[in-house]
Each structure stands twice: as structure tokens, then as C-alpha cells.
Amino acid sequence: MRLLAGLLENVGYRQRHAWFPLRGLVAALMRRTPVWTAMPRTGSTEAEPVPAP
């Protein structure tokens with residue numbers, strides 16, 4: 001059962017992770033301009049002061 005689970009876990013793993021470099025290669029060959037968007041920060045907005053030792 002563990003062997004089967006290990007095999008099924010890897011089905012499609014490499015294919016999924018090869019997709020993004022393939023997209024990048026195609027975009028580079030077609031000379032597309034990369035589009036970067038802003039990623040707003042989420043979570044804490046202010047750092048808490050760290051007490052001196």
C-alpha cells in the first residue's frame with residue numbers, strides 16, 4: 001500500500017513543475033515582454049520592537 005501511495009504521489013509531479021519553465025521558454029522565443037504585477041504585503045503592518053538584552 002505504501003509503495004502504491006508513493007507511486008501515485010509522483011504521477012504528474014514532474015509534468016506540473018515543468019510547465020512554468022516551458023511557458024517561460026515559449027514567451028522568450030515569442031519575444032513577449034514580461035509583465036510584473038505588484039504583490040501587496042499582508043500580515044503584520046508594523047514590526048514590534050525587540051527588547052535589548
Side-chain angles (χ1 to χ4, degrees):
M1 202 57 155
R2 286 184 183 181
L3 180 62
L4 180 62
L7 290 173
L8 289 176
E9 181 181 27
N10 290 310
V11 171
Y13 178 82
R14 291 184 189 274
Q15 291 81 8
R16 285 190 310 261
H17 287 275
W19 174 246
F20 296 106
L22 180 62
R23 281 181 51 191
L25 176 64
V26 170
L29 291 175
M30 295 180 74
R31 299 187 187 277
R32 290 186 186 161
T33 304
V35 178
W36 292 85
T37 59
M39 288 190 65
R41 294 180 181 221
T42 58
S44 61
T45 56
E46 293 183 16
E48 294 182 18
V50 178

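All residue numbers refer to positions in the sequence shown, counting from 1. Because the structure is predicted, anything quoted here is derived from the model rather than measured.
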Apart from Met39 itself, residues in the same hydrophobic cluster as defined by side-chain heavy atoms under 4.5 Å: none

Set of residues satisfying side-chain contact (heavy atoms from CB on, under 4.5 Å) with respect to Arg32, sequence neighbours excluded: Ala27, Met30

Other residues, nucleotides, ligands: >12 heavy atoms within 6.0 Å of Arg16 CZ: yes

Hydrophobic cluster (4.5 angstrom, side-chain heavy atoms) - remaining members for Val35: none

Summary of ring pair (Phe, Tyr, Trp, His ring centres under 6.0 Å) pairs that have at least one residue in residues 19-40, sequence neighbours excluded: none

